[in-house]
Amino acid sequence: MELTKKQINFIMGAKFCVLATSDKNGNPRACVVLPAGANGNKVVIADVQMGKTRENILANKNVFVSFYDNEINGCIKCEGTATYANKGELFETVKNDLAEELAKDGLVVKGVVEVTISSVSEHKEG
């Protein structure tokens, strides 16, 4: 599933998104997270304060991500599988790209979640 240019622009314009995970027993969890990139069939999310969410991704790679834009009253929903990394090229890139912005709030990137998208849908109200 390849994202369109329009979808990538929408995702990259989002200030936050909701990442839904579940543990190995299927118990769900959703949290607000920071989108950090999108291209091809991938979405990248920065781990700034993940705890249980990180554990869930390591135990169960199936995830759901929702991006919402209040101005156009629309959203993009992505289903896929996630990998987690706290080292490597992608991690270093995201950490460096967000360092200045996050430092204002005393935060740092602890890791990255890379979601390989299997399906995507768009919804617009009105």
Side-chain angles (χ1 to χ4, degrees):
M1 170 88 246
E2 292 282 320
L3 294 167
T4 66
K5 185 172 180 93
K6 179 182 169 189
Q7 291 168 333
I8 291 170
N9 289 337
F10 185 98
I11 290 168
M12 294 305 298
K15 297 199 184 334
F16 64 87
C17 58
V18 175
L19 174 62
T21 62
S22 59
D23 65 18
K24 65 182 178 182
N25 297 317
N27 298 309
R29 178 175 189 85
C31 66
V32 176
V33 293
L34 183 62
N39 65 47
N41 68 337
K42 307 276 188 190
V43 172
V44 178
I45 297 166
D47 170 7
V48 178
Q49 295 182 313
M50 290 181 191
K52 185 68 174 167
T53 297
R54 180 184 334 103
E55 291 174 19
N56 284 355
I57 290 167
L58 295 173
N60 180 347
K61 65 184 180 173
N62 297 306
V63 298
F64 183 91
V65 188
S66 181
F67 302 87
Y68 183 76
D69 185 326
N70 195 38
E71 290 181 20
I72 65 167
N73 203 25
C75 69
I76 291 180
K77 299 175 182 179
C78 303
E79 291 182 57
T81 56
T83 58
Y84 183 89
N86 57 7
K87 59 183 175 183
E89 185 178 335
L90 180 60
F91 168 71
E92 292 298 330
T93 299
V94 171
K95 184 173 89 171
N96 292 334
D97 287 351
L98 298 177
E100 188 176 329
E101 178 185 343
L102 293 174
K104 297 172 190 174
D105 296 319
L107 301 170
V108 297
V109 174
K110 298 175 185 174
V112 291
V113 176
E114 185 175 41
V115 178
T116 302
I117 299 168
S118 57
S119 70
V120 63
S121 60
E122 297 180 44
H123 301 277
K124 187 169 181 182
E125 299 295 322

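Values below: every heavy atom of this structure, side chains too, minus hydrogens, waters and symmetry copies. As the structure is a prediction and not an experimental result, all values here were calculated from the model.
Gln49 is linked by a side-chain contact (heavy atoms from CB on, under 4.5 Å) to Leu107, counting only residues two or more places apart in sequence or in another chain. With sequence neighbours excluded, no residue satisfies salt bridge (Lys or Arg N to Asp or Glu O under 4.0 Å) with Glu79. Contacts of Lys104 classified as side-chain contact (heavy atoms from CB on, under 4.5 Å), with partners at least two apart in sequence or in another chain: none.
A single hydrophobic cluster is not seen to contain both Val65 and Val94; linkage of ILVMFWY side chains at heavy-atom distances under 4.5 Å, directly or through other members, places them apart. Val112 and Ile8 fall into different hydrophobic clusters, defined by Ile, Leu, Val, Met, Phe, Trp and Tyr side-chain heavy atoms under 4.5 Å apart, directly or through other members. The hydrophobic clustering, which links ILVMFWY residues whose side-chain heavy atoms are closer than 4.5 Å, places Met50 and Val44 apart. Hydrophobic clustering (side-chain heavy atoms under 4.5 Å, transitive across Ile, Leu, Val, Met, Phe, Trp, Tyr) groups Phe67 together with Ile45.
When all heavy atoms of Phe64 and Lys77 are compared, the closest pair comes out as CZ-CB, 3.6 Å. Shown here for Cys78 and Val120, the closest heavy-atom pair between the two residues is SG-CG2, 3.8 Å. Annotation for Tyr68 and Gly74: closest pair CD1-O, 3.3 Å, computed over non-hydrogen atoms.
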Using distance only, find each side-chain donor-acceptor pair of residues 9-38 under 3.5 Å and give its atom names and separation, not counting sequence neighbours.
| residue | atom | partner | partner atom | Å |
| --- | --- | --- | --- | --- |
| Asn9 | ND2 | Lys5 | O | 3.4 |
| Thr21 | OG1 | Asn56 | ND2 | 3.0 |
| Ser22 | OG | Asn60 | ND2 | 3.0 |
| Asp23 | OD1 | Asn25 | N | 2.9 |
| Asp23 | OD1 | Gly26 | N | 3.0 |
| Asp23 | OD1 | Asn27 | N | 2.9 |
| Asp23 | OD1 | Asn27 | ND2 | 3.4 |
| Asp23 | OD2 | Asn27 | ND2 | 3.0 |

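Within the structure, the side chain to side chain donor-acceptor pair (under 3.5 Å) test picks out the following pairs touching residues 35-46 (sequence neighbours left out): Lys42-Thr116. Within the structure, the salt bridge (Lys or Arg N to Asp or Glu O under 4.0 Å) test picks out the following pairs touching residues 86-99 (sequence neighbours left out): Glu92-Lys95.
When each of Lys61, Arg54, Glu55, Glu114 is paired with Tyr84, the side-chain hydrogen bond (donor to acceptor under 3.5 Å, both in side chains) condition holds for Arg54 and for no other. Among the candidates Asp47, Thr93, Leu102, the single residue satisfying the side chain to side chain contact (heavy atoms under 4.5 Å, CB included) test with Val109 is Leu102. Only one option out of Lys6, Gln7, Met1 pairs with Leu3 in a side chain to side chain contact (heavy atoms under 4.5 Å, CB included); it is Gln7.
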Audit row: Thr81, Val63, side-chain contact (heavy atoms from CB on, under 4.5 Å) steps and yes/no: CA-CA 6 Å; Thr81 56; Val63 298; over 6 Å; no

